[in-house]
Participant: 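The structure's right below; bear with me while I get my questions together.
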Amino acid sequence: LLTVEDLQKSYGDELVLDGIDFTMDAQDVQVLIGPSGSGKSTLLRCVNRLTEFEGGTISLDGEDVMAMDVNELRRQVGMVFQDFNLFAHLSARENVALGPRRVLGKSKAEANDRALDELERVGLADQADSYPAELSGGQKQRVGIARALAMDPKLMLFDEPTSALDPELIGEVLGVMRELADEGMTMLCVTHEMGFARQVATDIMFLEDGRLVEHGDPERLFTDPRHERTEQFLRRLT
Ligand code: ATP
Ligand code: MG
């Protein structure tokens with residue numbers, strides 16, 4: 001479903017991604033870990049072209065993302081960020097309905113129904129008319145997930161979706177992500193939640209200084225990392 005070949009990305013003189021290669025099949029849950037500044041967010045941003053890259057190829061379902069209409073690409077690739085980016089003056093339902101209405105061209109009634117379905121999927125049917133200021137961080141993030149899902153994405157990108165949350169709210173967001181994975185959503189996730197990574201990921205990639213140091217099955221990576229750098233990184237986390 002996603003192919004990344006020899007991806008190169010620089011900011012000025014600094015090479016931030018240096019020859020990244022990986023593929024994802026439909027329904028894979030690919031977790032990306034690595035130290036701060038290793039290029040995790042940049043890699044996600046290249047996939048939906050929030051940032052340009054100089055070298056290599058990214059294809060979605062066999063189509064070169066550079067050849068795709070960027071709005072169509074972003075419809076097919078949902079993204080959930082650390083901070084929720086909800087519109088404060090719109091209710092949860094209106095936030096979720098906005099994309100179906102504006103981008104998919106659905107009628108107001110259709111977009112509303114779709115929004116309610118997606119809010120129900122993330123366990124927030126009863127908060128549809130609440131405004132972001134009335135929601136907890138975990139609820140806001142679940143609205144953010146519902147908003148991305150309402151576009152029928154082929155792939156979901158998550159960039160540290162629980163990092164801005166109080167510890168007691170992390171579980172509800174990870175629970176929604178786990179359900180999505182169980183339903184067969186294809187997901188590329190940056191997270192420091194190693195329990196989630198270990199239980200839900202089909203593969204974990206360790207990135208350092210813009211290079212893919214190693215990747216593998218979660219159990220293997222956690223119990224028997226092949227590279228010293230991976231081992232050091234994992235040891236520091238536990
Ligand atoms: P973190 O865990 O802190 O989120 P990260 O792995 O997501 O880190 P990136 O945000 O992808 O790392 O950054 C990779 C490198 O690119 C860093 O050296 C960073 O300083 C640099 N960088 C990121 N965004 C920009 C930008 N807009 N302009 C210039 N340099 C940038
Ligand atoms: Mg980041």
Side-chain angles (χ1 to χ4, degrees), residues 1-82 85 148 151 153-161 163 177 181 185-194 196-197 200-218 220-221 225-234:
L1 187 125
L2 182 75
T3 308
V4 174
E5 280 176 302
D6 198 21
L7 180 64
Q8 312 261 351
K9 159 80 187 166
S10 307
Y11 282 115
D13 293 340
E14 193 195 359
L15 191 56
V16 175
L17 294 174
D18 185 5
I20 304 291
D21 285 292
F22 69 96
T23 60
M24 285 176 66
D25 292 330
Q27 311 202 341
D28 279 356
V29 178
Q30 178 70 64
V31 164
L32 187 54
I33 61 174
S36 182
S38 57
K40 305 179 298 293
S41 296
T42 304
L43 174 54
L44 258 53
R45 294 166 63 85
C46 287
V47 172
N48 68 356
R49 286 177 57 193
L50 283 175
T51 191
E52 297 301 318
F53 50 94
E54 295 82 45
T57 320
I58 302 179
S59 332
L60 183 67
D61 254 352
E63 219 181 328
D64 185 342
V65 297
M66 293 310 294
M68 290 175 75
D69 173 69
V70 74
N71 293 314
E72 178 55 22
L73 172 67
R74 290 184 194 153
R75 192 202 61 70
Q76 294 187 21
V77 180
M79 183 146 179
V80 176
F81 301 89
Q82 182 174 333
N85 291 318
M151 304 297 280
K154 285 181 180 165
L155 170 68
M156 287 277 286
L157 308 176
F158 291 88
D159 193 356
E160 301 196 29
S163 295
M177 291 171 65
M185 178 60 74
T186 313
M187 300 164 46
L188 173 55
C189 315
V190 176
T191 183
H192 298 298
E193 295 296 329
M194 292 301 139
F196 172 85
V200 182
T202 45
D203 186 85
I204 300 182
M205 300 194 291
F206 174 62
L207 202 66
E208 190 178 60
D209 292 337
R211 292 188 190 186
L212 192 51
V213 174
E214 83 173 280
H215 76 104
D217 168 78
R220 204 279 295 154
L221 196 98
R226 304 230 158 103
H227 288 261
E228 178 65 21
R229 305 296 307 161
T230 315
E231 192 188 341
Q232 281 172 359
F233 179 78
L234 291 174

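FYI, side chains are in, hydrogens and waters are out, and symmetry mates aren't considered; it's all heavy atoms of this structure.
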Participant: Could you grab the distance from atom CG of Asp203 to atom CZ of Arg220, nearest 0.5 Å is fine?
Facilitator: 9.0 Å

Participant: Measure the spacing between OG of Ser59 and CG of Leu2 and express it to the nearest 0.5 Å.
Facilitator: 7.5 Å

Participant: Do you know which two heavy atoms are closest between Leu207 and Gly39, and how far apart they sit?
Facilitator: CD2-C, 3.6 Å

Participant: For the atom pair CD (Glu231) and CG (Leu221), what is the distance rounded to the nearest 0.5 Å?
Facilitator: 10.5 Å

Participant: I need the minimum non-hydrogen distance between Gly78 and Ala148, along with the two atoms involved.
Facilitator: CA-CB, 4.2 Å

Participant: Between atom CD of Gln82 and atom CG of Asp159, what is the distance when rounded to the nearest 0.5 Å?
Facilitator: 7.0 Å

Participant: Minimum heavy-atom separation for Phe206 to Pro35, with atom names?
Facilitator: CE1-CD, 3.8 Å

Participant: For residues 31-53, which residue pairs pass the salt bridge (Lys or Arg N to Asp or Glu O under 4.0 Å) check, not counting sequence neighbours?
Facilitator: none

Participant: Run the side-chain contact (heavy atoms from CB on, under 4.5 Å) check on Phe233 and Glu208 step by step: do they pass?
Facilitator: CA-CA 10 Å; Phe233 179 78; Glu208 190 178 60; over 6 Å; no

Participant: As an exercise, state the distance from OH of Tyr11 to OG1 of Thr51, rounded to the nearest 0.5 Å.
Facilitator: 3.5 Å

Participant: One pair to check against side-chain contact (heavy atoms from CB on, under 4.5 Å): Leu1 and Asp28. What are the steps and the verdict?
Facilitator: CA-CA 9 Å; Leu1 187 125; Asp28 279 356; over 6 Å; no

Participant: What pair of heavy atoms forms the shortest contact from Leu188 to Val47, and how long is it?
Facilitator: CD2-CG2, 4.4 Å

Participant: Filter on salt bridge (Lys or Arg N to Asp or Glu O under 4.0 Å), then keep only pairs touching residues 54-76, sequence neighbours left out; what's left?
Facilitator: Asp61-Lys154, Glu72-Arg75

Participant: Measuring from atom CG of Leu44 to atom CG of Leu157, what distance do you get when rounded to the nearest 0.5 angstrom?
Facilitator: 4.5 Å

Participant: List the steps, then state whether side-chain contact (heavy atoms from CB on, under 4.5 Å) holds for Val190 with Leu43.
Facilitator: CA-CA 10 Å; Val190 176; Leu43 174 54; over 6 Å; no

Participant: List the atom of Val29, the atom of Val200, and the distance in Å for their closest heavy-atom pair.
Facilitator: CB-O, 3.7 Å

Participant: Quick one, Glu193 and Val31 - any side-chain contact, counting heavy atoms below 4.5 Å?
Facilitator: no

Participant: Could you pull out all donor-acceptor pairs under 3.5 Å where a side-chain atom in residues 17-27 meets a protein atom, sequence neighbours excluded?
Facilitator:
unit_1: Asp18; atom_1: OD2; unit_2: Arg211; atom_2: NE; d: 3.0
unit_1: Asp18; atom_1: OD2; unit_2: Arg211; atom_2: NH2; d: 2.8
unit_1: Asp21; atom_1: OD1; unit_2: Asp6; atom_2: N; d: 2.8

Participant: If the condition is side chain to side chain donor-acceptor pair (under 3.5 Å), which residues does Thr191 pass it with, not counting sequence neighbours?
Facilitator: none

Participant: Tell me every residue that passes side chain to side chain donor-acceptor pair (under 3.5 Å) with Arg226, counting only those two or more places apart in sequence or in another chain.
Facilitator: none

Participant: Got a sec, which residues hit side chain to side chain donor-acceptor pair (under 3.5 Å) with Glu160, two or more places apart in sequence or on another chain?
Facilitator: Ser163, His192

Participant: Passes side-chain contact (heavy atoms from CB on, under 4.5 Å), Phe53 versus Ile58? Steps please.
Facilitator: CA-CA 10 Å; Phe53 50 94; Ile58 302 179; 3.7 Å; yes

Participant: To check you understand the geometry: which heavy-atom pair defines the closest contact between Met177 and Cys189, and what is its length?
Facilitator: CE-SG, 4.0 Å

